[in-house]
2 protein chains.
Amino acid sequence: MGGRAKRVTLRSVAQEAGVSLSTASLVFSGAGAVSEATAARVRAAATTVGYRGPDPVASSLRRGRSGVVAVVVEDRLLTVFRDPYAVSRLDGLASVFDEIPASMLLVSQPDGNQGAAATRLASSAFDAAVFFGCGPDAGPVLDTLRAKGVPLVAMDTPVVDDVVRVGIDERPAAAAAAAHLAELGHTRIAQVVLPCDEPAGRVRPAHDYRAERFSTPRDRMHGVADVLGDAVPTVAATASDVDAGRVAGAALLAVADPPTAIVAQSDMLALGVVLAAGERGLDVPRDLSVTGFDGITQSWWPGRLTTVEQPGAEKGREAAHLVRALLAGEAAHDVTLPTRLRVGDSTAPPRSPAPG
Amino acid sequence: MGGRAKRVTLRSVAQEAGVSLSTASLVFSGAGAVSEATAARVRAAATTVGYRGPDPVASSLRRGRSGVVAVVVEDRLLTVFRDPYAVSRLDGLASVFDEIPASMLLVSQPDGNQGAAATRLASSAFDAAVFFGCGPDAGPVLDTLRAKGVPLVAMDTPVVDDVVRVGIDERPAAAAAAAHLAELGHTRIAQVVLPCDEPAGRVRPAHDYRAERFSTPRDRMHGVADVLGDAVPTVAATASDVDAGRVAGAALLAVADPPTAIVAQSDMLALGVVLAAGERGLDVPRDLSVTGFDGITQSWWPGRLTTVEQPGAEKGREAAHLVRALLAGEAAHDVTLPTRLRVGDSTAPPRSPAPG
DNA sequence: CCAGCCTACCGAAACGATTCGACGGCGGTC
DNA sequence: GACCGCCGTCGAATCGTTTCGGTAGGCTGG
């Protein structure tokens with residue numbers, strides 16, 4: 001301890017064991033024929049001289065593979081992982097990485113600081129990258145990843161040329177939620193959309209929203225517009241969490257002629273809307289119907305949210321499978337996963353204006 | 001595209017620019033005197049030949065640093081990140097890593113499979129490691145990390161020789177929560193403890209619990225015992241989330257002479273207990289007082305939990321500072337952060353047995 | 001006008017492993 | 001008994017960069 005001892009290298013082991021460097025290497029890498037006797041001698045020598053195993057860096061340099069896959073998320077971890085849906089995608093990824101096997105380099109972009117993330121990516125070693133995100137201005141990061149020349153997999157992002165992508169059909173999925181409300185008889189419907197490059201908190205008609213670089217909120221808005229028209233009162237959230245949903249819901253419910261139903265673009269937002277309703281003394285679903293998106297399981301709201309289920313963990317696993325295929329040099333094609341409207345306890349027909 | 005082109009190396013750039021390899025390197029690493037004219041020529045040559053920048057692997061090999069810090073969590077990501085407190089610690093880490101600068105290699109241990117995690121760690125390149133966890137059987141992982149010979153920082157783990165640690169004084173912190181309930185006049189108090197190597201779901205007196213390898217639940221139980229004795233009815237949770245808390249709370253409330261107060265070892269568990277109370281028609285805090293631990297902010301329970309606040313993000317930041325110090329070759333010492341009992345709306349004096 | 005210094009650049013030696021081709025010895029086959 | 005092939009081992013080249021020590025040349029100061 002103390003003085004930084006020179007690293008014990010494979011050469012010392014070979015010397016100690018009285019074999020050549022290459023033979024010693026064979027013992028550790030497992031590739032190649034080595035007699036059991038020699039192997040044992042080498043292993044013994046390794047413990048004698050205190051060898052810590054092949055240096056991963058040197059090994060990577062020679063093999064041309066680092067065994068690392070970069071996973072790039074679009075915000076700071078605190079924000080990203082507040083939504084259990086994001087966590088489930090990550091968990092799905094991780095579960096397949098274990099098999100590949102690959103390690104996960106987690107890169108976040110706090111404050112949308114893509115520059116810093118891009119710099120770190122440029123100087124990190126990895127064999128492939130997965131990037132998440134409903135569509136941030138991924139420019140710098142994407143450029144860096146492209147420059148690396150490694151296989152790329154995108155998840156829930158805008159379509160990008162020559163990047164394999166896993167996602168869902170956002171538009172019809174969102175339309176299904178809107179259609180469900182319309183069928184129940186609702187006519188005054190509003191919506192809460194995921195964070196995008198639109199000012200949050202203000203209620204404006206949907207057609208005022210561009211959300212150019214944010215395909216997920218945009219496509220889902222289009223889905224809603226397909227059913228309900230593009231004048232739906234809409235508010236953008238600041239994050240995909242309960243609190244942001246509550247704020248957005250409060251804004252929507254504070255207008256003169258409040259909606260009888262609200263479409264939220266994530267379950268976390270929807271749950272926030274449910275809270276906002278409660279704060280105004282409204283009961284869900286009696287006074288207000290709410291739909292979510294994602295299909296997370298949560299335990300504190302006594303009911304089950306009516307929501308558009310999408311398989312989060314499976315999305316992660318699919319993305320990881322794409323990574324594996326690309327690393328193996330196989331062709332990989334976009335994957336579109338199915339979604340399903342799950343009707344729960346948060347939607348009902350609107351209350352009749354007058355009884356009788 | 002298609003055929004795997006040979007990597008463009010710094011040598012080609014140097015050749016193209018008509019300078020030596022070493023000069024070209026100087027241009028990219030920034031260290032050393034290069035005239036602006038030459039530098040420009042080299043950069044131009046780089047774009048001409050399509051150089052993608054210095055290979056991080058080769059660079060790491062030569063420099064002896066990879067710029068990566070491994071972060072080892074004790075379970076699968078889905079489980080770990082369900083508790084916002086864990087996420088805040090990770091976020092704290094990440095925020096300082098950005099400054100170091102370092103990238104984060106996230107290593108999970110699904111199903112407590114330390115073997116797989118250890119293997120992956122052994123073959124991954126990193127300069128230091130941080131490991132979390134209330135005290136899993138970290139044996140294999142810890143051995144691997146030790147064998148690597150890199151600086152280690154532990155967070156909320158049992159004390160380990162020669163590993164720098166950041167944590168809190170668990171025992172008095174837990175005692176404070178128990179004392180608060182005692183002062184309010186509660187006598188029938190039960191507790192929910194974090195997952196450990198004890199069978200979950202069964203109610204037994206605290207002195208039946210050993211939790212040998214899990215220091216956090218153990219130390220907190222001791223803290224409670226310091227105030228209330230060691231016969232407190234206790235149940236272990238299966239995870240630190242709302243659902244596990246609800247199950248545990250239900251078990252504690254189902255006994256013949258149910259408690260009037262419950263100490264939970266995390267806020268997520270406490271919130272689950274609140275739900276369990278609601279399901280039995282009990283009001284918190286009128287019929288049941290509940291204390292948590294951590295001090296997370298959540299928005300769906302209308303009140304504020306009485307809890308022991310501990311600074312999660314700061315813990316992460318402190319750990320990262322230790323990493324930075326160790327990487328710089330400086331000495332680093334254990335850090336113990338302060339905690340504070342925050343009295344909220346989930347505790348009150350017990351209801352008088354008979355009114356009047 | 002010369003000694004000496006600083007700047008800009010270069011050559012070569014690492015960093016620590018993997019892997020390809022070659023080589024000697026051994027057993028099996030005709 | 002000669003030949004063929006295989007198994008175990010070795011030498012040497014290589015992965016792509018950084019960095020140390022040295023050298024040429026221009027500039028300054030005496």
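Treat the numbers as computed from the prediction; the structure is a model and nothing was measured. Below, chains carry the letters A, B, ... as their sequence lines are ordered, and counting in each starts from 1.
The side chain of B/Ser35 sits closest to C/dA8 out of D/dT9, C/dT18, C/dA8. Comparing D/dT18, C/dA17, D/dT9 by their closest approach to the side chain of A/Thr9 singles out C/dA17. Of the candidate nucleotides D/dC10, C/dC9, C/dA17, C/dC9 has the atom lying nearest to any side-chain atom of B/Thr23. Closest approach to the A/Leu61 side chain among C/dA17, C/dG16, D/dA12 is made by C/dG16 (side chain taken as heavy atoms from C-beta onward). Considering only side-chain atoms of A/Val34, the nucleotide from C/dA17, D/dT19, D/dT9 that sits closest is D/dT9. Closest to the side chain of B/Ser22, from the set C/dG16, D/dT9, C/dC10, is C/dC10.
Rounded to an integer number of Å, the gap from CD of B/Glu36 to P of C/dT7 is 17 Å. Rounded to a whole Å, the CZ atom of B/Arg11 is 10 Å from the P atom of D/dT14. Look at CG on A/Asp127: it is 14 Å from C1' on D/dC15, rounded to the nearest Å. One interatomic measurement links the two molecules: CG of A/Asp55 to C1' of C/dC15, which rounds to 9 Å at whole-angstrom precision. The distance between atom CG of A/Leu26 and atom C1' of C/dA17, rounded to the nearest whole Å, is 12 Å. Residue B/Phe28 contributes atom CZ, which lies 17 Å from atom C1' of D/dT19 at whole-angstrom precision. Distance CZ (B/Arg65) to C1' (D/dG16): 20 Å, rounded to an integer number of Å. The interatomic distance linking A/Arg63 (CZ) with C/dG16 (C1') rounds to 13 Å, in whole Å.
Between A/Val8 and B/Ser20, the one whose closest nucleotide on DNA chain C sits nearer the 5' end is B/Ser20. Each of B/Ala33 and B/Leu21 lies near DNA chain C, and the nucleotide nearest B/Ala33 is the one positioned closer to the 5' end.
Side chain B/Arg62 to base D/dT17: no donor-acceptor pair is found below 3.5 Å.
An OP1 or OP2 oxygen of D/dT18 is reached within less than 4.0 angstrom by no side-chain nitrogen or oxygen of B/Ser29. Listed pair A/Thr38 / D/dT9 meets the phosphate criterion, a side-chain N or O lying under 4.0 Å from OP1 or OP2.
Between B/Tyr51 and B/Phe28, the ring planes lie perpendicular to each other; the angle is over 60°, past the 30° to 60° tilted range.
Residue-level contact check: B/Val57 touches neither bases nor backbone, having no heavy atom under 4.0 Å from any strand.
No side-chain N or O of A/Ser25 forms a donor-acceptor pair with one of A/Ser22 less than 3.5 Å apart. Side-chain contact check for B/Thr216 and B/Asp156: no donor-acceptor pair (N or O, by modelled atom type) lies under 3.5 Å.
For A/Val27, the side-chain contact (heavy atoms from CB on, under 4.5 Å) test picks out A/Val34, A/Ala39, A/Val42, A/Arg43, with sequence neighbours left out.
Not one N or O on the side chain of B/Thr157 forms a donor-acceptor pair closer than 3.5 Å with the backbone of B/Ala154.
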